[in-house]
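Only one structure is covered here, and it is reproduced in the block below.
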Amino acid sequence: MGGQPPRQRLPLLLGLLAALVGGAIVLSGILTQRQAPVAALAADPAPSDGAEPADGASTPSDASAASDGASAASSTPSTHVYVVLIDDAGFNDVGYQSADLGAATPFVDSLAESGVQLKRYYTHTSCTPSRSALLSGMFASSVGMQEKDVLSDSPFGLPLELALFPERMRQLGYATHLVGKWDVGHAVEAYWPTRRGFDTFFGLLTTGYDDYFNHTINGGMGVFTSLSNGTANAAARYDGAYSTFAFGSAAREVVARPDAAEPMFLELAFNAPHYTVSVPDAYRATPEFATLAASLPDGHSHLRETFAGALRLVDHEVEALVAALKAKRMWDDYVFVFASDNGASCMGDGGSNYPLRGRKSTPFEGGLRVPAFVHSSKHAPDARVSSAVVHVADWLPTIVHGALRQAADLSQNGGVALDGANRWKAILGEDDAAPHAVIESSYVDEQFAVIRGDYKLVYYLNKYKDEGACCDNVGWWDADGTDVLNASAPASGVFRSLNLFKILDDPRETTNLLDVTRRRLSDEAATALDDLAEIYCSYYRSRMAPALYYEAEDADAIMGAWSDNGDVVTFWMDDAATQDAYPLSAYGYRNDSSYRAIEPFSSCGKRYS
């Protein structure tokens with residue numbers, strides 16, 4: 001990360017944060033590739049208690065539980081909770097809302113169409129930040145995980161002071177299981193899923209891998225496998241197994257456990273259709289794939305075809321999982337969440353955010369706004385399309401306080417309120433009166449987005465403008481990477497811009513209201529600008545955390561630990577008592593361009609002088 005300030009040793013992150021105030025029916029010809037995982041390792045000790053729930057972003061309060069339906073603490077809930085994630089699927093990539101992939105996900109579509117479709121569902125802009133928010137109930141920039149994804153040799157992780165979603169569910173009496181992608185830290189054994197609240201884990205530790213069959217990473221340090229069972233080496237058994245099949249099989253094995261009838265929290269996190277997307281050759285030769293390819297528009301790319309096939313196989317696995325749940329009578333009282341972790345990339349992966357602007361890693365809608373829905377025949381029985389703003393950090397309080405009606409104390413580390421809010425009543429369409437702010441922020445990359453109500457404020461620094469059209473991140477791309485609206489931007493060089501959009505009327509972000517002089521803004525838009533700038537300034541000054549991202553320095557130690565583990569990625573550090581970080585103080589709070597851009601519209605800076 002060129003241009004970064006020098007790293008310095010800091011105390012544990014959350015101490016600083018507190019101080020800052022604040023399928024069964026699938027492809028018989030390919031079924032032989034499926035393999036059942038061995039049992040995962042046992043769980044961690046029970047986690048510690050949290051504190052007060054929150055309803056809001058920059059000004060947390062205790063309104064969440066009271067206003068959105070949490071009841072007094074009750075006996076162990078009986079409602080199963082299933083969270084299914086897909087990886088790097090954009091707004092245009094799931095059939096029920098896609099312009100071209102209508103045939104790719106028929107079973108998932110049937111669940112969405114009989115559930116609650118979330119048309120304004122937001123995440124963070126890449127894998128690790130989004131998963132950090134899901135697990136912690138905090139914006140990634142509140143816990144130091146906002147800057148970069150955890151790679152195989154990354155020595156940082158989601159801070160251990162945080163009590164995570166599975167730990168909260170375990171406190172409520174749930175069995176907790178993770179199948180698929182983790183991606184929030186593994187350098188220290190204490191970071192691993194089975195040390196953070198999951199009873200079992202089978203899956204990938206990191207983002208980076210070469211393909212869906214060998215599960216290897218190759219980051220310049222040799223070829224190693226990133227597939228684990230608990231903290232054990234599971235690589236040899238699954239060499240050549242297509243990851244979507246392996247993860248689907250593992251999820252069904254969890255359901256088949258003798259103790260599965262107790263309330264279950266299951267996260268099934270597919271790595272599909274993340275780059276490098278692929279499908280088995282045997283599937284490509286099937287009539288189903290031929291029919292799927294024929295359903296795509298004329299002139300579609302080979303990559304888009306492969307991308308559609310990968311999603312079709314995910315769809316089969318979701319259908320097989322639901323069939324297994326029904327067979328165990330675990331589909332009577334449940335909440336099922338389906339979502340992508342972030343927008344699609346334009347980097348030749350076959351994904352599409354069309355008609356939204358931008359791509360993964362940008363604060364435009366294409367990077368943040370993704371397909372998602374909730375299905376629950378008992379708790380959300382009415383099919384509907386919701387325009388309520390929901391963020392990935394909202395799932396923890398929404399499930400615990402809203403869907404399960406538990407009054408559990410969810411705040412973090414000595415009373416730090418969650419950024420996430422209980423959005424259950426808003427999802428059901430019963431009450432969406434309380435404004436809900438969503439914040440995407442990176443002080444190192446000098447970009448942010450604040451969304452509240454009808455408006456969105458964005459600051460974006462396009463560092464990649466000179467690297468070709470595919471990396472001109474401010475554009476609007478169709479599924480084959482063509483910029484269809486020819487976004488206006490400088491022909492070369494760094495592109496800086498503060499943007500105000502009336503996002504409810506202009507979801508494609510085509511009209512920057514700040515292109516006119518401030519005195520020509522409508523009263524409503526001028527008020528929105530001031531409010532959003534104030535929200536971001538206040539958040540920046542009181543809750544933004546130092547970024548924990550830093551790169552590995554001792555490659556020999558890492559490769560030695562992996563080699564000793566049979567050439568499989570494992571932990572290599574003994575403790576995480578301290579973290580290196582890019583400190584906020586190195587920017588003086590006023591030195592990065594994103595903060596300076598909002599100063600004229602906010603009194604916040606004066607209050608913190």
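Note that the structure is a prediction, hence the values are computed from the model and not measured.
Annotation: salt bridge (Lys or Arg N to Asp or Glu O under 4.0 Å) contacts involving residues 324-337, sequence neighbours excluded, comprise Arg329-Asp332, Asp333-Lys378. Identified under the ring-ring contact (aromatic ring centres under 6.0 Å, His included) test for residues 379-400, with sequence neighbours left out: Tyr121-Trp395, His124-His391, Phe139-His391. Counting only residues at least two apart or in different chains, salt bridge (Lys or Arg N to Asp or Glu O under 4.0 Å) contacts with residues 361-377 comprise Glu365-Arg369, Glu365-Lys456. Listed by first and then second residue, the salt bridge (Lys or Arg N to Asp or Glu O under 4.0 Å) pairs that reach into residues 379-396 come to none, sequence neighbours excluded.
His177 is linked by a side chain to side chain donor-acceptor pair (under 3.5 Å) to Thr200, counting only residues two or more places apart in sequence or in another chain. A search for side chain to side chain contact (heavy atoms under 4.5 Å, CB included) contacts involving Ser377 returns Tyr334, not counting sequence neighbours. Annotation: side chain to side chain donor-acceptor pair (under 3.5 Å) contacts of Thr125 (sequence neighbours excluded): none. Annotation: side chain to side chain donor-acceptor pair (under 3.5 Å) contacts of Tyr82 (sequence neighbours excluded): none. Not counting sequence neighbours, the partners of Ala269 by the side chain to side chain contact (heavy atoms under 4.5 Å, CB included) test are Leu85, Arg131, Lys181, Glu267. Residues passing the ring pair (Phe, Tyr, Trp, His ring centres under 6.0 Å) test with Tyr174: none are found, sequence neighbours excluded. The side chain to side chain contact (heavy atoms under 4.5 Å, CB included) check on Ala103 picks up Leu292, Ser295, with sequence neighbours excluded. Legend: residues meeting side chain to side chain contact (heavy atoms under 4.5 Å, CB included) with Ser154, ordered by chain and number and at least two apart, are Val150, Leu151, Phe156.
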